[in-house]
Number of protein chains: 2
Amino acid sequence: MARRSRLQVRPPSMVDVAKQAGVSHQTVSRVLNAPETVSPDTRRRVERVMRELGYRRNSQARALKTRSTGLIGVISQGDTDFGPARMTLAIEEAARERGYATALTVVRDASADTVEKTLDFFLSHGIDGIVVITPVPALAEAAKQLSKKTPVVIVTSGLWPADNMDVAGIDQELGARRATAHLIEAGHRSVAHIAGPMDWFDARGRVVGWRQALAVAELSAPPMVEAGGWTAESGYRAAQQIMSWGQLPDAVFAANDFLALGLIRALEERGLRVPADISVVGFDDVDAAGYFSPPLTTVRQPFEDAGRAALELLLDESHGLTQVPNFIAPELVERGSVRPAQR
Amino acid sequence: MARRSRLQVRPPSMVDVAKQAGVSHQTVSRVLNAPETVSPDTRRRVERVMRELGYRRNSQARALKTRSTGLIGVISQGDTDFGPARMTLAIEEAARERGYATALTVVRDASADTVEKTLDFFLSHGIDGIVVITPVPALAEAAKQLSKKTPVVIVTSGLWPADNMDVAGIDQELGARRATAHLIEAGHRSVAHIAGPMDWFDARGRVVGWRQALAVAELSAPPMVEAGGWTAESGYRAAQQIMSWGQLPDAVFAANDFLALGLIRALEERGLRVPADISVVGFDDVDAAGYFSPPLTTVRQPFEDAGRAALELLLDESHGLTQVPNFIAPELVERGSVRPAQR
DNA sequence: GACTTGAGTACGAATATAACC
DNA sequence: AGGTTATATTCGTACTCAAGT
């Protein structure tokens with residue numbers, strides 16, 4: 001880094017501050033780490049000199065002594081998918097609030113080799129812990145291995161804590177129950193489901209929740225339709241399948257907003273109006289959901305809360321104490337794609 | 001981090017390795033940093049002990065001495081927009097290839113205060129340099145201030161190097177010229193443009209390139225249509241505007257793929273077929289572009305190359321030497337949305 | 001004896017200098 | 001002398017122990 005040379009003036013150290021303030025470096029250290037043990041007089045003097053000199057703690061030296069770098073590693077597999085991307089940002093923000101920096105690594109595959117390399121990379125950079133965001137089982141398995149060498153929290157929605165692993169995420173089953181129950185409360189008796197790719201924990205959880213809500217209401221579940229992906233196109237195709245049934249459902253709970261979008265498009269092409277003829281609920285609450293036509297009733301995932309929960313698990317005393325995963329409750333957002341109950 | 005205690009066995013240091021191998025720690029250091037100066041015999045012995053003990057360099061101690069942490073800070077504003085998101089991943093990957101870790105920070109706004117805080121955060125974590133990804137002017141201005149305190153590279157598409165700032169990005173004008181020229185070569189005389197939000201450098205660059213290509217072919221430019229965003233919905237609305245013209249254009253170059261998607265949808269609703277009646281070219285080459293109907297001819301942005309270029313600027317000797325920004329050339333991807341030339 | 005401050009050393013790697021064969 | 005290896009010190013912070021008021 002050649003330009004460095006231009007900047008290569010040694011930044012002021014504690015010793016510099018101490019000299020300038022006429023105290024020992026130890027006193028400067030105390031001003032930072034235990035201010036109450038320093039007389040207000042000296043403290044003010046030292047603090048003033050710090051400001052004058054533009055003193056900044058050297059985190060490398062600090063890390064060397066304390067054995068903690070303040071660096072959190074984040075491993076994510078999904079790159080541009082909505083959930084993982086939002087979760088990554090949420091974790092970054094939560095970490096920054098607590099003064100931690102996050103080092104992000106996006107892996108293309110979850111092979112043992114890739115994970116091993118990533119771990120090695122993180123360890124050699126002295127991270128304090130790792131958050132693994134994984135919507136699929138493969139990375140989760142690999143993450144279990146990691147936990148032998150460094151604290152690890154898994155962010156997912158379908159894994160139960162085991163082998164001392166800490167898990168945080170969003171309660172997909174609950175979200176799906178809420179979505180389905182909302183449709184049932186609106187008076188619908190036949191509620192279909194378009195599921196996401198079943199290798200995702202999220203997709204599986206939403207299926208379970210859908211079935212639970214139907215069972216509670218003592219309604220039978222129509223056949224489940226598995227979409228090939230999370231896109232509007234997949235939703236469009238899944239809709240074709242539903243429309244080929246002898247009897248159309250009253251309502252459809254789609255596993256995410258884009259699937260719902262494709263579904264709505266397909267329904268309208270057949271002259272079916274949403275919500276007049278058929279009600280639809282999505283999942284995620286993507287930015288555009290309020291601008292669909294009709295505006296989509298959906299389930300909002302509290303990524304920020306989940307990110308914060310993951311970080312607390314990683315950093316806090318509560319570590320290893322929880323026997324139940326930290327699954328945050330998502331909320332239903334009512335808009336215009338569900339027909340109000342008629343009575 | 002409570003669980004830490006479970007792991008709190010001090011990792012082996014050079015001294016441990018040295019003791020075990022019966023040499024001095026200095027020799028161990030040489031094995032790592034200048035192997036050729038150590039006799040093959042001792043070297044092998046030391047290396048074996050390193051493996052046995054699972055020795056790993058302590059990057060904190062190393063950073064303390066060398067004044068380099070191997071950490072690169074990345075500041076990005078756009079969170080889920082296609083370009084910035086892809087660029088972030090590209091930079092992360094390029095950095096990792098070179099052994100650097102990237103600390104990501106996504107800022108919500110580009111106020112002086114936010115940027116100041118972020119810089120402070122990065123500096124206190126000892127980053128070696130910063131990459132600022134900015135599609136809009138505000139962050140770019142703020143980035144100029146940063147460069148006084150640490151090496152900075154700006155990743156963008158509309159800023160010329162100034163004040164010793166290093167800039168890398170993708171040549172938007174060239175991409176737009178290629179897209180437009182492709183339409184002209186196909187025999188189209190009237191090529192309209194749906195522009196993205198004009199506060200984005202990318203949007204502006206694409207407008208300039210579009211005009212340039214038309215000028216070279218001595219064709220006049222239809223009025224430019226500015227879409228309110230980058231979404232399909234914006235494209236759909238922009239299309240309404242175009243269709244209100246007395247005379248329809250032969251072809252439309254849309255500033256990104258989603259705008260193109262909305263445009264195509266609007267055209268087809270009017271009974272206009274793409275490409276039979278009107279040709280369309282997009283920009284970005286998003287994952288789904290090949291699955292649009294018709295498959296979209298578009299311009300692929302080489303994010304990986306640009307990310308690598310940014311990193312090289314930040315790390316390499318070439319620093320400050322380039323008077324011209326490192327703008328990488330995007331490529332046209334021909335698919336099915338442009339009518340082949342008829343002669 | 002409270003309260004405040006200082007001296008000295010450890011953390012682990014890098015390196016200049018010195019010593020060895 | 002030339003090829004290797006060893007000794008001693010440095011980086012900046014944290015913390016123990018001791019000393020001063």
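Letters A, B, ... mirror the listed sequences (proteins, then strands); counts begin at 1. What you see below is based on every heavy atom in this structure, not just the backbone, and it leaves out hydrogens, waters and symmetry mates.
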| query | For B:E47, which residues count as a side chain to side chain contact (heavy atoms under 4.5 Å, CB included) partner, sequence neighbours excluded? | reply | B:V31, B:R43, B:M50, B:R51
| message | Just to verify, what does A:H125 make a ring pair (Phe, Tyr, Trp, His ring centres under 6.0 Å) with, not counting sequence neighbours? | response | A:F121
| request: Tell me what B:V28 touches on the nucleic acid: a base, only sugar-phosphate, or nothing, going by heavy atoms under 4.0 Å. | output: nothing
| With sequence neighbours excluded, residues passing side chain to side chain contact (heavy atoms under 4.5 Å, CB included) with B:D305 | B:P302, B:R308, B:I328
| task | Can you run down the salt bridge (Lys or Arg N to Asp or Glu O under 4.0 Å) pairs that involve residues 12-33 of chain B, sequence neighbours left out, and say none if there aren't any? | result | B:R10-B:D16
| request: Would you please name every residue forming a side chain to side chain contact (heavy atoms under 4.5 Å, CB included) with A:V115, sequence neighbours left out? | output: A:L139, A:A142, A:L146
| query | Tell me, for nucleotides 9-19 of chain C in 5' to 3' order, what letter each nucleotide earns: B for a base near a protein heavy atom under 4.0 Å, S for only sugar-phosphate near one, - for neither? | reply | BBBBBBBB---
| query | Which residues satisfy the side chain to side chain contact (heavy atoms under 4.5 Å, CB included) test with A:S59, sequence neighbours excluded? | reply | none
| So which of residues 39-51 of chain B are in contact with DNA chain C, with a heavy-atom cut-off of under 4.0 Å? | none
| field | Angle of first-five versus last-five pair axes in the helix from C:dA2-D:dT21 to C:dC21-D:dG2, to 10 degrees | value | 50°
| Think B:T27 has a side-chain N or O under 4.0 angstrom from the OP1 or OP2 of D:dT4? | no
| query | Just to confirm, is there a sub-4.0 Å distance from OP1 or OP2 of D:dT5 to any side-chain nitrogen or oxygen of B:S24? | reply | no
| Which pairs pass ring pair (Phe, Tyr, Trp, His ring centres under 6.0 Å) with one or both residues in residues 44-63 of chain B, sequence neighbours excluded? | none
| query | Tell me the ring pair (Phe, Tyr, Trp, His ring centres under 6.0 Å) pairs involving residues 131-156 of chain B, sequence neighbours left out? | reply | none
| task | Identify, with sequence neighbours excluded, every residue that meets side-chain hydrogen bond (donor to acceptor under 3.5 Å, both in side chains) alongside A:R62. | result | none
| request: Using a 4.5 Å cut-off on heavy atoms from C-beta on, say whether the side chain of A:R98 contacts that of A:E312. | output: yes
| request: Look at all strands and tell whether B:V23 reaches a base, only sugar-phosphate, or nothing, counting heavy atoms closer than 4.0 Å. | output: sugar-phosphate
